[in-house]
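We number each residue from 1, following the sequence as shown. Bear in mind the structure is a predicted one, so any value in this text is a computation, not a measurement. Both backbone and side-chain heavy atoms feed into the values below; hydrogens, waters and symmetry mates do not. Just follow the structure's listing: the first ligand is 1, and inside any ligand the first atom is 1.
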Amino acid sequence: MEDREKNKKVVMVIAAHPDDSEFGCGGTIAKWAKEGQQVICIVCTNGDKGTSDESLTSEELARIREHEQKKASKVLGVSKVIFLGYPDGGLEDTAEFRGKLVWLLRKYRPDIVITHDPKLRYMGHRDHRITGTVAMDAIFPYSRDPLFYPEHKAEGLIPHKVRQVYFMGSEDPDLFIDISETFDIKIKAIGCHLSQVGSHRQDWEQWVDQMAQRSAAVGKSHGLRFAEAFRIIEPRR
Ligand SMILES: [Zn+2]
């Protein structure tokens, strides 16, 4: 951190599925990437169940979705996208999954992590809930304390403290980020996920209009044309 260029941050997005980062924080990622922050995107599952098309196999879908994610990340200005490759709907809160996230946190040393809110009261995708939970555990205390996953030391990795965690999709947001300038980039990135939004190709403008209305509703009470909302957590240091 000390030798990083002043005010330049490393941001890590830890998302359950391909397309979650575009929908949940695409405008914010694009904004920060434009400002010169380094954004690294971790996609935990391969999204291989996300279709109603019975002619597709899981292997084909996973390949398509990885390709779509790479394109979308490029549109947003993400500098690196890393796929953990767990099966869609198959995430579990295991020491192995947690260890992979701890390794990535110690390797890339993000100042800010964006992930799913693990504490949704009612409807929430199991993979999102587990990703949020495991990411938080990986941040605190596992990546912070050296005696957890001590094998990382042999690879030259040292403990890391994340400064802030932003929960996307939170029911209790307390931070609203202005994405008025990057809303169009967000839509373009979402549009890369054709396997997910391709059914809207016929009524694309109408669908974009709905997305705009939603982003406008988030921004309205804060005087912002379009916004994304987050819950901020500052892990104990
Ligand atoms: Zn998802």
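- Inside a sphere of radius 2.8 Å centred on the Zn ion (ligand 1), the protein N/O/S atoms present are His17 ND1, Asp20 OD1, Asp20 OD2, His128 NE2.
- For Arg225 and Phe183, the positive end is not near the middle of the six-membered ring at less than 6.0 Å and at most 45° from its axis.
- Ring geometry, His128 versus His17: the interplanar angle falls from 30° to 60°, so the pair is classed tilted.
- Partners of Ser58 by side-chain contact (heavy atoms from CB on, under 4.5 Å), not counting sequence neighbours, listed by chain and number: Asp48, Lys49.
- Contacts classified as side-chain hydrogen bond (donor to acceptor under 3.5 Å, both in side chains) and involving residues 178-190 (residues at least two apart or in different chains) are given here: Asp178-Ser180, Lys186-Glu228.
- With 3.5 Å as the limit, one finds no donor-acceptor pair spanning the side chains of Ser170 and Asp172.
- The side-chain hydrogen bond (donor to acceptor under 3.5 Å, both in side chains) analysis of residues 189-207, with sequence neighbours excluded, yields the pairs Glu22-His193, Glu68-Ser195, His200-Trp207.
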